[in-house]
A.B. asks: 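Got a structure for you, written out below as structure tokens; questions coming shortly.
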There are 4 protein chains.
Amino acid sequence: MSDTQRTADKRVERSKAKVLAETYRQLTETGLSGVSIDEVSRVSGISKATIYRHWRSRSELLIDACSRLGGPQEAPDTGSLRGDVRALLTHLASQLQTAAWSSVYPSIIDAAERDVEIGAMQSTLHRTFMSPFHKVIERARTRREIHSDRAATELIALLVGPLFYRRWFSKEKLDKRYIDSLIKSVLDEG
Amino acid sequence: MSDTQRTADKRVERSKAKVLAETYRQLTETGLSGVSIDEVSRVSGISKATIYRHWRSRSELLIDACSRLGGPQEAPDTGSLRGDVRALLTHLASQLQTAAWSSVYPSIIDAAERDVEIGAMQSTLHRTFMSPFHKVIERARTRREIHSDRAATELIALLVGPLFYRRWFSKEKLDKRYIDSLIKSVLDEG
Amino acid sequence: MSDTQRTADKRVERSKAKVLAETYRQLTETGLSGVSIDEVSRVSGISKATIYRHWRSRSELLIDACSRLGGPQEAPDTGSLRGDVRALLTHLASQLQTAAWSSVYPSIIDAAERDVEIGAMQSTLHRTFMSPFHKVIERARTRREIHSDRAATELIALLVGPLFYRRWFSKEKLDKRYIDSLIKSVLDEG
Amino acid sequence: MSDTQRTADKRVERSKAKVLAETYRQLTETGLSGVSIDEVSRVSGISKATIYRHWRSRSELLIDACSRLGGPQEAPDTGSLRGDVRALLTHLASQLQTAAWSSVYPSIIDAAERDVEIGAMQSTLHRTFMSPFHKVIERARTRREIHSDRAATELIALLVGPLFYRRWFSKEKLDKRYIDSLIKSVLDEG
DNA sequence: CAGTAAACGAGACGGTACGTCCCGTCTTATG
DNA sequence: CATAAGACGGGACGTACCGTCTCGTTTACTG
């Protein structure tokens, strides 16, 4: 019953879908601050009143659209921690250079700096992105591949921190050679 | 003549200073996107026409104001690479948690994503911030403390990448214990 | 079938009554233009669809509600034209200063200026309000109190025109003294 | 100096004129409530921001536009009160049937019912319209044509009240015959 | 030290976006 | 089958900011 009520009007789904699609498009093209509700309304053909009926504020819509940036992430299983990590970092590096979310992410971090709800959304997004890393580390620990009691998050920071740093801060290349070097530095320590 | 032209009018200096001061204030309080030229004009008492006389666009003013974020950075000299790095990372961690620029930086990275001039400014800013790291590494290399031929930028990425990551991405603590752990991980490798 | 129809009818009556009551309330408080269908629906608990089922348009509902402004008017019978007129004008003056309809009437006249159906409603309303005047004049004519062949409507215009004028145009007082003066001027002519 | 400052920017005059012209046009066509700022902006080519720069609110603009309804009224001088009054009433009757303001006036009265500033504007407008009546009465009193000490406003109410009444309330004709009859009734009393 | 040219403040201007409100139509599920 | 609940497109409201503009007044250098 509450189920039927929830699904009730087909128009709702249709409107929300159209709005989210257009918002997502603007989001990936111009970042959070480049999304205009008026423009979303114009292009999607959904009236502003309807948009504000489904999302209480611009922020809420942006949060909703951002959530779509991170689809479910798969954890590779190559048999070894090193192999898994190489696969993950290679994929991440590739995404950082081409995926839509990589040019949007800074605007999310920026907004999160001043808006707690966007901050919460960013945390969720971050957790999603990092979950494959946690999985392969957990698996490695089970296999006794990891002896140190270093927290998983610390290891992850050592691995992805430098990648993010090079993508957004120093703007250096993220090629295969660098990833190999990074893995060596982090996993071959004494 | 070139002298007169350079010094031009005292009023110009005064106007620019007032505008930059207010812009900087808004910048650190609300980020790049929170700066309003109208508000800058109102508060500084400098008319919009004058502002646009000195900076061709909002972007240009923002770039100018952002440049003031990074003053000249000092490189510590403790006698050892490890000591220097500890000093640098401790200072950086402290800044990341309290300094004005740490909440503004994401908005700069975001804008840089879509504006090449802001991108250039960000690069300059980044170079300024990182120069102490280059100095201490150079010094360590001279002292034969570093044997590997690993590029300085790679070492820096290993050191500051995780710090930035924890500040803006995973939002974990940046305490003394973590810095020690980080230094150990990066400098004690095989 | 007649049973279902009866049940149906009851609901219709109930809905209509609730809607009209709330519309009337808003009407007298804020005038024609102050009536909001959304607000009527919200307060009365009757859905907008139902409202538009019973009245084809906002105008039609307003017309219906306005009709309630003029209840059946009683004609006094003092025995003389002068006495009747004094009673009528005194009552009218009192109504003009306190009754709900006196602040609503201008909005009806305004709407009538551009909407023929509202115009028709206004005419009906006007006829209702003026019928006691026609009655006492008719009675006076029967009693041979009126010799002139002046049309009743002309006499009425002479009596109530100045009252309306002072209520809505010149905004002068409508006290007992003025009514006496008015009656003298109109009925004591040569 | 204050004069030059007042007239300073020619654009102000131009903008105000265009806005008032279009507002006046909508006003006479659709009444007070039919004026839309968005529409005025669109048609006049003056931005909404500019409109609200010159008039603090929709009401203020409407008041300004309404004031243009009553140009300066001339008082006839036929030599006798009766002649003057006949001229005035004939002109008024003609205006009531054709002039723009006669279809707008009810909306002003309506708005005045709930807005004191519009009420003040209406009073001014009313005074302007009635001033010729006051003039001819004053003149007649000087000529000893009027013996009674009846206030001018009372006489005016007797003359124009019935006219207004027939225009907006009973909707009866305002022809020459009626005006003659009206003058006879009011001026030939005992 | 007077004349002039640049700098200036004040703020008008068109454009675009914001979030809210109401209208009249519609869709769906309930009683 | 009347109803409640409420989605929908359209359009107005009044405000904010952007970057350009016009105007008349300082202010500082120059002749």
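Scope of the values below: all heavy atoms of this structure, side chains included, with no hydrogens, waters or symmetry mates. Each chain gets a letter, A, B and so on, in the order its sequence line appears, and its residues count up from 1.
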A.B. asks: F/dC17 C1' sits how many Å from B/L62 CG, rounded?
C.D. replies: 13 Å

A.B. asks: Starting at NZ of A/K16, measure out to OG1 of A/T23 and round the result to the nearest 0.5 Å.
C.D. replies: 12.5 Å

A.B. asks: Can you check whether B/S36's main-chain N or O pairs, donor with acceptor, with B/R58's side chain at less than 3.5 Å?
C.D. replies: no

A.B. asks: F/dT15 P sits how many Å from D/R56 CZ, rounded?
C.D. replies: 11 Å

A.B. asks: Report the distance from atom OG of C/S15 to atom CD1 of C/I46, rounding to the nearest 0.5 Å.
C.D. replies: 4.0 Å

A.B. asks: For DNA chain F, which residues of residues 108-118 of chain C approach it to below 4.0 angstrom with any heavy atom?
C.D. replies: none

A.B. asks: Roughly how far apart are A/E113 CD and A/Q122 CD, rounded to 0.5 Å?
C.D. replies: 8.5 Å

A.B. asks: Return yes if some donor-acceptor pair links the side-chain N/O of B/S107 with the main-chain N/O of B/L32 below 3.5 Å, else return no.
C.D. replies: yes

A.B. asks: If we ignore hydrogens and angles and just use 3.5 Å, is the side chain of C/E60 paired with the main-chain N or O of C/E117 as donor and acceptor?
C.D. replies: no

A.B. asks: For nucleotides 12-17 of chain E, just jot down a letter per nucleotide in 5' to 3' order: B, S or -, based on protein non-hydrogen atoms under 4.0 Å.
C.D. replies: BBBB-S

A.B. asks: With a 4.5 Å cut-off on side-chain heavy atoms, are B/P106 and B/I109 touching?
C.D. replies: no

A.B. asks: What residues from residues 18-32 of chain D pass a heavy-atom cutoff of under 4.0 Å to DNA chain F?
C.D. replies: none

A.B. asks: Whole Å only: how far is the CD1 atom of D/I51 from the P atom of F/dT15?
C.D. replies: 13 Å

A.B. asks: For residues A/T50 and A/S47, determine if any side-chain heavy atom of one lies less than 4.5 Å from a side-chain heavy atom of the other.
C.D. replies: yes

A.B. asks: Which heavy atom of B/T28 sits nearest a heavy atom of B/S103, and at what distance?
C.D. replies: O-OG, 3.9 Å

A.B. asks: What's the spacing between C/Q26 CD and C/L62 CG if we round to 0.5 Å?
C.D. replies: 9.5 Å

